[in-house]
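Right, one structure below, let's go through it.
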Amino acid sequence: MKTKLSLLGGLTVNEFLRDYWQKKPLLIRQAFPQFIGLIDPQQLIALACTEDVQARLVTQRRGKFELLQAPFEPEDLDNLGKDKWTVLVQGVNHYLPEAAALLKHFAFIPHARLDDLMVSYAPKGGGVGPHFDSYDVFLLQGSGHRRWQISAQADRSLIEGAPLRILRDFRVEQEWVLEAGDMLYLPPHYAHNGIAEDDCMSYSIGFRTPAYQELAEQFLVYLQDRIEVDGMYADPDLKTQKHPSEISAAMLHQAEQAIKQVRWDKEDIANFLGCYLSEPKPHIFFDAPEWPLSLAKFRQALQKQGVKLDLKSQMLCHAGWIFMNGEAHQAREGDYLLLRSLADRRESPALKDCSAELIELLYQWYLDGYISPV
Ligand code: SIN
Ligand code: CO
């Protein structure tokens, strides 16, 4: 945390967190020297056309933006013309090991905050228009050049009826042209507009900031499967009432007392957070191994080589609990330390002394396609 990082323009992580993170933009020239990108435009377009991949195509016609969401028909990406369009692919780290490796450079931010790596390709003039995101984002330039315009403006009103979220009145305050290896950090809600200067690929490393409303709603969903409320409605002392349609004060009181039995503690919140934040997005599917190893062979592989997470797996932990792709598991001390290290680094060295219980859990994850031997 005390090392100056070229990735952060010579700041230490602590300085970056103190002065910029969630506070103000930071332009870092040559954050990744020699970075030319991880994927070329044809490969990105092929990925955009792959089943279950989340992708968007944004075109501009006579100054108006148009949006097409994947799945695409083959002809959607033909005849796009020389300029003013862009294709954007979410979750590239789920498909490309090099992309997952790139994200490891950002492990100074907790995994629980990471969303994904989005990659865009645009010929000259392409972009998604001026907007803001509810994410922290590092915008890393791959091949080509992109002009980034930014503004701290408070006016976030959007053009009504537009297919994309475009700011109605974007007032540029600062702008730069980024080239391969340059990076721009933007806090959530900072207005920005990226315009391709030439054939341009941009890598967005996004960090989610869930809205409290979403957290609270999802917590209630989580709680509904776990609450235990004793008793049932009873009124042996029922009194006559003038208006039979009226809900009586006695009935209200009884229901209130019953509902007050719904309680939760910090452990429920931790478990909810772990499950919610590690839950794969709905379009994510895991591939079970086609010819699975037997438990004995898997154990051997574990002891010789170790295991790695599938690129799509999300693993978090908290106080003895491990969260793997939306599922919570309690682990004992030694096992917890091994699993936490697997979650931190997304792979483990050879695991010589693990408990039978841990081997069973890892084997189940292997059969589910969540992990595989290294
Ligand atoms: C892009 O890569 O074109 C868009 C990235 C962004 O503005 O969030
Ligand atoms: Co954006």
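Counting starts at 1 for both ligands and their atoms, in listed order. None of the values given here were measured: they were computed from a predicted structure.
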Any [X] heavy atom less than 4.0 Å to ligand 1:
| X | result |
| --- | --- |
| W148 | yes |
| L88 | yes |
| S204 | yes |
| D133 | yes |

Closer than 4.0 Å to some heavy atom of [X] - which atoms of ligand 1 meet that?
| X | value |
| --- | --- |
| R146 | 3 (O) |
| H192 | 6 (C), 7 (O), 8 (O) |
| H131 | 6 (C), 7 (O), 8 (O) |

Measuring from the Co ion (ligand 2), name the closest N, O or S atom belonging to D133. OD2
So which N/O/S atom does H192 have closest to the Co ion (ligand 2)? NE2
Just one of H131, Q149, E175, Q174 clears the side chain to side chain donor-acceptor pair (under 3.5 Å) bar with H192, so which one? H131
Quick one: look at Y121 and ligand 1, take heavy-atom pairs under 4.0 Å, and tell me if it's side chain, backbone, both or neither. neither
Can D169 and R171 be counted as an ion pair, charged N to O under 4.0 angstrom? yes
Step by step, would you call I322 with L361 a side chain to side chain contact (heavy atoms under 4.5 Å, CB included)? CA-CA 11 Å; I322 295 290; L361 177 62; 5.8 Å; no
Quick one: look up the protein heavy atom nearest atom 1 (C) of ligand 1 and list residue, atom name and how far away it is. S120 OG, 3.5 Å
Does the Lys NZ or Arg CZ of K23 fall within the cation-pi geometry relative to Y20 - under 6.0 Å from the ring centre and within 45° of the axis? no
Are R165 and F132 in a cation-pi contact, defined as NZ or CZ under 6.0 Å from the six-membered ring centre and within 45° of the axis? yes
Are F138 and F16, when compared by the centres of their aromatic rings, separated by less than 6.0 Å? yes
Going by distance alone, is a donor N or O of one side chain under 3.5 Å from an acceptor N or O of the other, for E267 and W321? yes
Let me know which of Y276, F272, Y212 forms a ring-ring contact (aromatic ring centres under 6.0 Å, His included) with F219. F272
